[in-house]
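By convention in this document, chain letters (A, B, ...) are assigned in the order of the sequence lines, proteins followed by strands, and residues within each chain are numbered from 1. Note that this is a predicted model, so its numbers are computed, not measured.
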Amino acid sequence: MMRSAEEFSNEVKRRGEKYLLQRRKNRNRLIVTCTPVVLCLIVGTIILTSGYKEYSENSDTGYEKENYVNENDSYITDYSEDEIINKEFQSETGMTESEKSDLNINSIQEEDSFLTGSYDKQEYSCEIIRVSENENTFHSFFYDSEQVNKILELMEKMISSSTDFAEKKLQRYNKADDYYILVFTQPSEENKTYYLYGNYLMVVFDNSETGIVYETEYDVIKEFTDFVSAFIDNY
Amino acid sequence: MGNGADSYRRYLDGDETAFDEILKEYRSSLTFFINRYVKDINAAEDIAIDVFADLIVHKHRYNFKTGFKTYLFMMGRSRALDYLKHRNKFIIMELSEAENELVYEAVIEEQILADERKRIVNEAIGKLPPDIQVAIHLVYFEGLSYKEAAKIMKKTEKQVDNLLYRGKSMLKKILGKEGELLI
């Protein structure tokens, strides 16, 4: 049936309004449907991006955060126990790898590790390493807390008597022929001043009678070296 | 740009009467053009209403660079083809309804083809292939350029030219020598 001009015009406007309304409804429906999805995507992207950022920050050195090695950290988890000892030894003595190998220290440390002893069971442990150019290397473990206490007591005296103990020790170490290296472990007491590397203390002292290590506190040094020498001789 | 574009711009600026001007100017020609495709005058009118409604819904779709008539006819063609794609092959209708349709078609024809010569041509081109029909319709009945016709039909100007050439040849056969003079 043919429409009149007015009918035609009204029909066009009616449909126009209808389609507009439909369009708005569809748009609203689209917003209601898509908003949660878009939000989820945004949140997901943020989480993933932050995760990636953290990962990339941690992986700058090629290590995960847990294994990240800071050169200044005393406790280095990625190093083996032997490497830790070597590293500390080098840093303490200033000796190169070749110098150390001349002293047969590597072979000593490879022989056994004090950390593999009754570390958890004993209150104290002490490893004495004797290094000599003329004699074979020697090392021993102290598990007797009384003996270790005695050593610690002497050590404390020795260290407190000299403010630059480490420096002097290094000087002597480079000159002397015969050495003992003491490595103490005392996990329960962290506030001892001579715990130079966290739970470890490495002390190098001159065992020769003629050599005077610390002029000012000679008696203490002598008492200490005598005690250790006697112990080693009787071991 | 014709008057249609000016009216539409005024409508977009808030002049509601401008839209009535558009309807008045293009209603019949658009319906007649759509009917060329759908061969159903009621459906053609329905489609034309949708095309005009589209001007209300998508107010900023027309860029005012192409002719307004071309734009309307492009939409008309697109919707007509869409209708053909989805309609039922057989339409069942009451006899009276069919009669009404014929009357309506005649009225529209009368509005568009006021010229007797055009009516004769219109009858003749009904026997031509659809593409040629549309090309002749756009160029000879609507007075569009080859370029505009090509744009509506989504063909090149050359293709439209070929269609019109073939159309003329066919019409010559149908209408005799007179046909050549008519177009």
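At a threshold of 4.0 Å, the pair B:Glu148-B:Lys69 does not count as salt-bridged, since none of the basic side-chain nitrogens sits closer than that to a carboxylate oxygen. Between B:Asp46 and A:Arg15, at least one side-chain N (NZ, or NE/NH1/NH2) sits under 4.0 Å from a carboxylate O, which counts as a salt bridge. Salt bridge status for B:Asp82 with B:Arg77: absent, with no side-chain N to carboxylate O gap under 4.0 Å.
Residues satisfying the side-chain contact (heavy atoms from CB on, under 4.5 Å) criterion with B:Ser78, sequence neighbours excluded, are absent altogether. Every side chain to side chain donor-acceptor pair (under 3.5 Å) that B:Arg79 has, sequence neighbours left out, goes to B:Asp54.
For residues 155-166 of chain B, every residue pair satisfying the salt bridge (Lys or Arg N to Asp or Glu O under 4.0 Å) rule, not counting sequence neighbours, is listed here: B:Asp131-B:Lys155.
Residues of residues 18-28 of chain A that come closer than 4.5 Å to chain B, counting heavy atoms only, are A:Tyr19, A:Leu20, A:Arg23, ordered by residue number.
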